[in-house]
Amino acid sequence: MGSPRVVIIGAGIVGANLADELTARGWDRITVLDQGPLPLTGGSTSHAPGLVFQTNASKTMTEFARYTVEKFVGLDVDGEWCFNQLGGLEVATTPERLADLHRKQGWATSWGIEGAVLDPAECAKLHPLLDEKRVLGGLYVETDGLAKASRVVVALARRAEARGAVFQGSTKVIGIEQSGGKVTGVATPDGVIPADIVVSCAGFWGPDIGAMVGMDVPLLPLAHQYAKTEQIPELVGRNTELAEAGFPILRHQDQDLYFREHVDRLGIGTYAHRPMPVNLRDLDESDDVSASDMPSMLPFTEEDFAPSWEQSKLLLPCLESATLDAGFNGVFSFTPDGGPLIGESPDVAGFWIAEAVWVTHSAGVGRAVAQLLVDGRSEVELHGCDVHRFEEIQLAPDYVSETSQQNFVEIYDVLHPLQPKESPRDLRVSPFHARQKELGAVFLESSGWERPHWFESNAHLVQDLPAEWQPPVREPWAAMFHSPIAAAEAWRTRTSVAMYDMTPLKRLEISGPGALALLDRLTTGKMDKSVGSVTYTLALDDAGGVRSDLTVTRLSDTVFQVGANGNLDLDYFRRQSPDDGSVQIRDITGGTCGIGLWGPRARDLVQALSSDDFTNENFKYFRAKQVRIDGVPVTAMRLSYVGELGWELYTSADNGLRLWDLLWAEGQKYDVIAAGRAAFNSLRMEKGYRSWGSDMTTEHNPYEAGLGFAVRLQKGDFRGRDALDGVSDETVARRLACLMIDDRTSVVLGHEPVFVDGHPAGYVTSAAFGHTVGAPIAYAWLPANATVDTPVEIEYFGRRIPATVVAEPLVDPEMKKIRS
Ligand code: FAD
Ligand code: THG
């Protein structure tokens, strides 16, 4: 038996990369179909100007881009280049942008890309068309450059064909064949092409192909303007027809613009115009594709371009006397969070998508998908790319449309990591929402949920704070989307009692005769414990990478409640569950709600409302019970992500408001407050609790992440166990380390590079002010030899902030408070 038969839909840059990567791994039964002619199919790749700026806030996206550069540099077609490594220059014309370029240079350092922030003269030297007086500085990345996307497709197609792949143009896929929940082929007007695996790389046509198997593909096709000038005297004689360009590729993000040379003319791309959504039905269906006429090119709307043209002249004075030649409104994909869409249909096994991918990330995505198919796992972690990251409400066409347009508008904006969506909001609210509003909650949005970050009603507590709890004044960036009220909420949590809304925490009910075996196979913990047990455990992939950390509560012999990290966990458990009906998996998040009641007085408060026994003897740490709180049926779990005595109290949504009101009313005797995510995040870091997705992902094994205690090797086999053979706390080369900032005032936010002995050695994963310890703290990936007391520096907006590796957890290391 040979390799599986794969049909790839779409011969753009993504499909071509995937065919190349699959055939490189020995899969030789690959057919790439495209509705358009080859090699210029008429998709987005056919006209992409091909600027590749690698640096991105996301480590994964930067790694994708770096691989794209590495791969394309080594390609050619009959000696003609595929990647012209001109360097990339992003200029600042405002102080905010200049500061942001320093932040961005930090990301580059964190993810291993060399970059430097240059002064105006250095920028103008690199790119002499710039008006030096307008520019405050620029970020220069020497390894960035131009991809000749249409030529890359040819190079990759030839290579893949030499290894057995078949590329077939002018063949439109009109249906996906399936049988018994598995894909069996694709239908074309000429008949069915059988397949074991189908991967849709159809770019902005993705939703149409997804619909053929009933799969939501949350992307929006949007038009984006690109125009070329007539000849520019300053460029005449500089570039050969072959090389096309000689200056670095250029971004002017303060005006949503980018530029590249086309021999003696300039190309200008703009995101400054109104978002222009495209209805797939309106696109030209004809088979004739030429360089200037294709379905992904819509007529140029000059009035939309006019302001950008004026701004271009200001930055590049040589354009004053130039005229615009041809332009077009080119179509490509946007998504609700800007990330690509990778993954397998939940319903039809073997049907995959890889869409909403830029040229910049195309090789990285191609490799990741090939690895998923061939090895079952991508070496680069994909949680921000997985199509199943979205909640059901986020798949609604109106949601996709509105948020994708917003992403278009904000594409070059300076965005704070906490900056919330402005719209749509109030999509999902907990039963406590009305009370939270009365208390002046400041909400930020996550997965469609409104989550209080702090409560203005607690503002008066700030002045009561003991001197050692007074938070330092933050510099403006760290002060955004933050309030000193968080200090008061942290203080009250550590000294009296607070109510935290746990409703948005993803909760699954896994039940049935096969539930125990499923959980046992998929997690690192011992699951066959008594009813009422709660287990903190990990789900690993086959390479021992942490795909999630979970709490599993045994409610009966066959019913378990799982506290999870998001929709990826739901998707994973569903996929992994046997199809013999022995396991049922329900997402109970929306139908239930929860309050984290935490603090030294939590027991007194809850006991006053219940005849169930909440004493330490009869309700131990990491145990759960079904109780009543003044009549309300509650599943109480004794654990605390903030590291205090207390319980998570879950009930059905209908009972939620009453539960809140009961606790609130009785709580007045115990100085209860409502507290938000800002305090929550600080407290959890002080207690040493990791946040999956930020602190660790599938790239890290449990020992590296400091979670070896949750791996029970003696329990027998489980997924990922083999990969941990010989791995221990002692053998790991890197570790998630806790840092405390020496000056006790400088708060950082995450993703900053960390220097050891003056050299970049790692990056910050989470950061907060530690209110209990009175200093800013951070978690960071560092080499294992950066042990406790190692001095380090965190680079924040170009400034080095001294910090020290400290022993963790910082609060209650002996578990006295939490277990008493
Ligand atoms: P496409 O190239 O669109 O390929 C999808 C293919 O699927 C098409 O060939 C299509 O014909 C085929 N197909 C669709 N439906 C069917 C069907 N039913 N049957 C058979 N075949 C089908 N990115 C960058 O990184 N840098 C840039 O500088 C850049 N500039 C851009 C400028 C403009 C004006 C535009 C519009 C986009 C730009 N992009 C840039 C984005 C980039 O062009 C795209 O993200 C990328 O080309 C998408 O590649 P793809 O392979 O996914 O899609
Ligand atoms: N509550 C519930 N489920 C969850 C979370 C939660 N699931 C997802 C996420 N949060 C999981 N993260 C953690 C992290 C740490 C702990 C609980 C959930 C925790 N750790 C103890 C410790 O490290 O000391 C475990 C002690 C033990 O294993 O006995 O409590 O917030 N329901």
Side-chain angles (χ1 to χ4, degrees), residues 8-18 32-38 40-53 65 68 146-147 149-150 153 169-174 186 188 200-206 208-209 212 222-226 249 258 260 267 269 280 289 294-297 328-333 340 354-362 365 502 505-507 525 534-537 548-553 561-566 569 594 596 621-622 637 639-643 648 650 680 684 687-692 706-707 709-710 809 812 815 818:
I8 296 171
I9 305 171
I13 195 99
V14 176
N17 266 292
L18 179 57
V32 185
L33 300 179
D34 204 291
Q35 63 192 7
L38 300 180
L40 212 62
T41 63
S44 306
T45 307
S46 307
H47 58 60
L51 291 82
V52 176
F53 289 94
T68 298
L146 275 181
S150 51
V153 169
S170 304
T171 307
K172 187 174 167 113
V173 172
I174 52 175
V186 303
T188 75
S200 178
C201 303
F204 65 79
W205 285 275
D208 272 3
I209 308 281
M212 295 175 188
L222 282 170
H224 150 60
Q225 291 197 299
Y226 190 79
I249 56 171
Y258 64 84
R260 59 157 289 187
L280 292 178
V289 170
M294 53 177 91
S296 63
M297 286 171 95
F328 62 96
N329 294 0
V331 185
F332 74 116
S333 309
E355 283 152 351
V357 178
W358 287 31
V359 170
T360 303
H361 310 111
S362 58
V365 169
M502 296 300 284
L505 180 96
K506 191 81 164 178
R507 285 177 298 284
V534 182
T535 309
Y536 174 69
T537 190
S548 194
D549 68 336
L550 309 159
T551 58
V552 180
T553 303
Q561 182 168 323
V562 175
N565 284 299
D569 295 321
Y621 184 56
F622 265 76
M637 299 177 190
L639 72 136
S640 167
Y641 199 56
V642 303
E648 289 179 357
Y650 293 107
F680 184 81
R684 70 98 184 157
K687 188 67 182 88
Y689 291 164
R690 277 71 173 136
S691 173
W692 189 85
L707 298 172
F709 70 89
D812 198 20
M815 310 286 281
I818 206 167

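Just so you know, these numbers use all the heavy atoms, side chains as well, and skip hydrogens, waters and symmetry mates. Residue numbers run from 1 in the order of the sequence given. In each ligand, atom 1 is the first atom listed, and ligand 1 is the first ligand listed.
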- among protein heavy atoms, the one nearest atom 17 (C) of ligand 1 is Q35 OE1, 3.4 Å
- Could you tell me whether D549 and ligand 2 have an N or O pair separated by under 3.5 Å? yes
- Would you say ligand 1 has an N or O under 3.5 Å from any N or O of G15? no
- Message: Tell me whether ligand 1 is touched by H47 - counting only heavy atoms on the residue side and a distance under 4.0 Å.
- Response: yes
- Query: Between the candidates N329, I8, V357, which shows the shortest non-hydrogen contact distance to atom 48 (C) of ligand 1?
  - Reply: V357
- Item | Heavy-atom nearest neighbour in the protein, as seen from atom 18 (N) of ligand 1, with distance rounded to 0.1 Å | V173 O, 3.1 Å
- Note on the structure: So for Q225 against ligand 1, with non-hydrogen atoms under 4.0 Å, the contacting part is neither
- Message: Is it the case that the side chain of E648 and the backbone of L639 share a donor-acceptor pair, with hydrogens and angles ignored and the cut-off at 3.5 Å?
- Response: no
- Closest candidate by heavy atom, reference atom 30 (O) of ligand 2, pool Y536, F622, W692: F622
- Message: I need the atoms of ligand 1 closer than 4.0 Å to a non-hydrogen atom of G330, numbered in the order shown.
- Response: 36 (C)
- Identity and distance of the protein heavy atom lying nearest atom 1 (N) of ligand 2: E648 OE2, 2.7 Å
- Message: Counting non-hydrogen protein atoms only, what is the nearest one to atom 52 (O) of ligand 1? Give residue, atom name and distance.
- Response: V14 CG2, 3.3 Å
- Compare all side-chain heavy atoms of I13 with those of W358 and state whether any distance is below 4.5 angstrom. no
- Query: For the ring pair H224 and Y258, is the centre-to-centre distance below 6.0 Å?
  - Reply: yes
- How close does the nearest protein non-hydrogen atom get to atom 3 (O) of ligand 1, and which residue and atom is it? S44 N, 2.8 Å
- Query: Does at least one non-hydrogen atom of Y258 fall below 4.0 angstrom from an atom of ligand 1?
  - Reply: yes
- Would K506 and D569 count as a side-chain contact (heavy atoms from CB on, under 4.5 Å) if you check the C-alpha gap in whole Å, the side-chain angles of each, and the deciding distance to 0.1 Å? CA-CA 9 Å; K506 191 81 164 178; D569 295 321; 5.8 Å; no
- Note on the structure: G203 heavy atoms within 4.0 Å reach ligand 1 at atoms 5 (C), 52 (O), 53 (O)
- Heavy atom under 4.0 Å from ligand 1: found in W205's side chain, backbone, both, or neither? side chain
- For the residue pair I9 and L33, establish whether any side-chain heavy-atom pair is separated by less than 4.5 Å. no
- Flag, side chain of R260 to backbone of P49, donor-acceptor distance under 3.5 Å: yes
- Task: Could you check if a side-chain atom of V365 sits within less than 4.5 angstrom of a side-chain atom of N17, using non-hydrogen atoms only?
- Result: no
- Message: Would you compute the distance between atom OG1 of T171 and atom CG of D34 and round it to the nearest 0.5 angstrom?
- Response: 8.5 Å
- Candidates D34, T41, N17; heavy atom nearest atom 6 (C) of ligand 1 found on D34
- Do the side chains of S170 and P37 get nearer than 4.5 Å, heavy atoms only? yes
- Item | Option with minimal heavy-atom separation from atom 34 (C) of ligand 1, where the choices are E355, M212, H224, R260 | H224
- Task: Mark yes or no for whether S44, through its side chain, and V331, through its backbone, hold a donor-acceptor pair below 3.5 Å.
- Result: yes
- Message: Just checking Y536 against F622, ring centres under 6.0 Å apart?
- Response: no
- Closest approach of V32 to G10 (non-hydrogen atoms, all atoms of both residues): CG1-O, 3.5 Å
- Query: Under a 4.0 Å heavy-atom limit, does V331 contact ligand 1 with its side chain, its backbone, both, or neither?
  - Reply: backbone
- Query: Hey, does G269 sit under 4.0 Å from ligand 1 if you only count heavy atoms?
  - Reply: no
- Does some non-hydrogen atom of T171 fall short of 4.0 Å from ligand 1? yes
- Query: Quick one: nearest non-hydrogen protein atom to atom 41 (C) of ligand 1, plus distance?
  - Reply: F332 CD1, 3.4 Å
- Residue pair Y650, L505: steps toward the side-chain contact (heavy atoms from CB on, under 4.5 Å) verdict: CA-CA 11 Å; Y650 293 107; L505 180 96; 3.6 Å; yes
- To which protein heavy atom is atom 23 (N) of ligand 1 closest, and what is the distance rounded to 0.1 Å? V359 N, 3.6 Å
- Derivation of the side-chain contact (heavy atoms from CB on, under 4.5 Å) call for V52 and T360: CA-CA 5 Å; V52 176; T360 303; 3.8 Å; yes
- Message: As an exercise, identify every atom of ligand 2 less than 4.0 angstrom from a heavy atom of M815.
- Response: 24 (O)
- Donor-acceptor under 3.5 Å (T41 side chain, A11 main chain): no
- Hey, is I209 touching ligand 1 through its side chain, its backbone, both or neither, going by heavy atoms under 4.0 Å? side chain
- Note on the structure: In ligand 1, the atoms that come under 4.0 Å of a heavy atom of G12 are 2 (O), 4 (O), 51 (O)
- Query: Within the side chain of D812, is there an N or O that forms a donor-acceptor pair under 3.5 Å with the backbone of K687?
  - Reply: no
- Could you check atom 2 (O) of ligand 1 against the protein and tell me its nearest heavy-atom contact, residue, atom and distance included? T45 OG1, 2.4 Å
- Task: Specify side chain, backbone, both or neither for C201, according to which of its non-hydrogen atoms lie closer than 4.0 Å to ligand 1.
- Result: backbone
- Note on the structure: If we number the atoms of ligand 1 from 1 as shown, the ones under 4.0 Å from a heavy atom of G10 are 6 (C), 7 (O), 12 (C)
- Task: Would you mind telling me if ligand 2 is within reach of the side chain of T535, the backbone, both or neither, using heavy atoms under 4.0 Å?
- Result: neither
- Message: Any atom of ligand 1 sitting under 4.0 Å from a heavy atom of G42?
- Response: no
- Query: Tell me: protein heavy atom nearest atom 7 (N) of ligand 2, and distance?
  - Reply: G563 O, 2.9 Å
- Item | A149 to V359 - nearest heavy-atom pair and separation | CB-CG2, 4.1 Å
- Item | F709 neighbourhood, listing ligand 2 atoms whose heavy-atom distance to it stays under 4.0 Å | 23 (O), 28 (O)
- Taking atom 5 (C) of ligand 2 as the reference point, the nearest protein heavy atom with its distance: L505 CD1, 3.6 Å
- Report, in ascending order of atom number, the atoms of ligand 2 lying under 4.0 Å from any heavy atom of N565. 8 (C), 9 (C)
- When only distance counts, is S640 in polar contact with ligand 2, meaning an N/O pair under 3.5 Å? no
- Query: Is there side-chain contact between R684 and S691, with heavy atoms separated by less than 4.5 Å?
  - Reply: yes
- Note on the structure: Within the 4.0 Å heavy-atom cut-off, what A564 brings close to ligand 2 is backbone
- A student comparing S362, P49, A147 should find that the heavy atom closest to atom 31 (C) of ligand 1 comes from P49
- Protein residue, atom and distance nearest to atom 28 (O) of ligand 1, heavy-atom basis: L51 N, 2.8 Å
- Just which atoms of ligand 1 are under 4.0 Å from any heavy atom in A48? 43 (O)
- Identified side-chain contact (heavy atoms from CB on, under 4.5 Å) counterpart of S296 within the set F328, F332, F204: F204
- Scanning both residues in full, the closest heavy-atom pair of T68 with S362 reads OG1-N, 3.6 Å
- Item | Centroid-centroid distance, H47 to Y226, less than 6.0 Å | no
